[in-house]
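Worksheet: one structure, shown below.
Note that the coordinates shown come from a computational prediction; the quantities given were computed from them, not determined experimentally. Starting from 1, each residue takes its place in the sequence as its number. Both counts, for ligands and for their atoms, begin at 1 and track the order of listing.
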Amino acid sequence: MKLYQALRNVAKFRTVFDFGGRDVAHWFPGHMAKGLKQMRANMKNVDCIVEIHDARISFCLFVCLRICVFFFNIRQIPFSGRNPVFHETLDVKPHLLILNKMDLADVSNKQRILKKLEKNGVRNVLFTDCLKQRDDSIKKLVPMVMDIIKSHPRFNRDENVDYCLMVIGVPNVGKSSLINSLRRTNLKKGRASRVGGEPGITRAVLTKIQVCERPIMYLLDTPGVLPPKIESVETGMKLALCGTILDHLVGEDIIADYLLYSLNRQEKFSYVEKYNLEKPSDDIQQVLKRIAVKLGKTQRVKAITGVGNITITLPNYTAAAYDFIRAFRKGELGRVMLD
Ligand SMILES: Nc1nc2c(ncn2[C@@H]2O[C@H](COP(=O)(O)OP(=O)(O)OP(=O)(O)O)[C@@H](O)[C@H]2O)c(=O)[nH]1
């Protein structure tokens, strides 16, 4: 590690990422409006919204507010105006924010995130790791939700003895995994919701699943929804890196380059050892070439030259990029915060 530190002083890494004029609008599929409409229509049956985000994207507050603002049809109100008064006036449902995939995030940033969220009026926050067989934070969810619900009027649901939560979030953040984890913890029951490594697994809208016996609590699983407008290409790229958007819509090569840029900026150099590189590098072609060679992802192709045919070995850059991105998503390149 000392060696890398010395190299860091000499190496010149990019301080700005060149997105090459890419347009984020093309990355987001149009099928989400239908899901949002159905979710809105079911709001009257819900006591509390559980909004789930990837803990590695601490700008999630922004995304979270965008979804909520869209969700409640209050687009004209600026985000900065979403203070507690605004909250009550508009009768926004009680809300719990879950920052999931904590096992992949740099936990030293926990307090910073909490402060930032509190400053913006978000106080009910829970960090989770839904893949862990016994995650203590999952046990806290039901009591926390009950406290939140009890501190708000239930209106038309006042007579109901059971409670209903709606889980919302961008695709692939772990909504289904959260439901399964809650069932495992509270009911000792197995999977009820299909989990997948690709965004868009939950397509069936609003399945009602029991997650607790005492009190009786249900959760509505919803398909992943993205905010209708992403404010910058960089925000879109972070969402892509976390697996929220299908890779091919953005391009594995540019996602891999953005990953390399992010790792270098944060001095997370474990990729050097993992892929047998000599030193950290800011050149994605060079890094992918080494990855391809290490993984044996190369192709032999014939080339016709002036002096006859020769066989050359070409790295499969796409396969290497895919492996690099996958390693990041699985936490094999260390715990990283993207913001
Ligand atoms: N490391 C880690 N992976 C997780 C965690 N929670 C979920 N995952 C993984 O993230 C991927 C997506 O999980 P899902 O539960 O299907 O996510 P979803 O939000 O329901 O996805 P959509 O149906 O696309 O909206 C899967 O590969 C899960 O195994 C977590 O806490 N830590």
**Request:** Kindly confirm or rule out an N or O of P223 lying under 3.5 angstrom from an N or O of ligand 1.
**Result:** no

**Prompt:** What part of D103, side chain, backbone, both or neither, has a heavy atom within less than 4.0 angstrom of ligand 1?
**Reply:** side chain

**Message:** Evaluate K101 for polar contact with ligand 1, using N/O atom pairs at a separation under 3.5 Å.
**Reply:** yes

**Message:** Under the salt bridge (charged side-chain N to carboxylate O under 4.0 Å, His left out) test against D106, which residue among K268, R112, R335 passes?
**Reply:** K268

**Request:** Give a yes/no verdict on a cation-pi contact between K289 and Y317, requiring under 6.0 Å between NZ or CZ and the six-membered ring centre and an angle within 45° of the axis.
**Result:** no

**Message:** Under a 3.5 Å threshold, yes or no: a donor from one side chain and an acceptor from the other, between T128 and N100?
**Reply:** yes

**Request:** Could you tell me whether the side chains of S281 and D283 share a donor-acceptor contact shorter than 3.5 Å?
**Result:** no

**Asked** So which of S177, S181, P171 gets nearest to atom 13 (O) of ligand 1, if we judge by its closest heavy atom?
**Response** S177

**Request:** Go through ligand 1 atom by atom and flag the ones less than 4.0 Å from a non-hydrogen atom of L104.
**Result:** 1 (N)

**Request:** Give yes if a backbone or side-chain nitrogen or oxygen of T222 is under 3.5 Å from a nitrogen or oxygen of ligand 1, and no if not.
**Result:** no

**Asked** What are the two closest non-hydrogen atoms of R183 and Q210, and how far apart are they?
**Response** NH1-O, 3.0 Å

**Asked** Between V170 and ligand 1, does any nitrogen or oxygen pair lie at a separation below 3.5 Å?
**Response** no

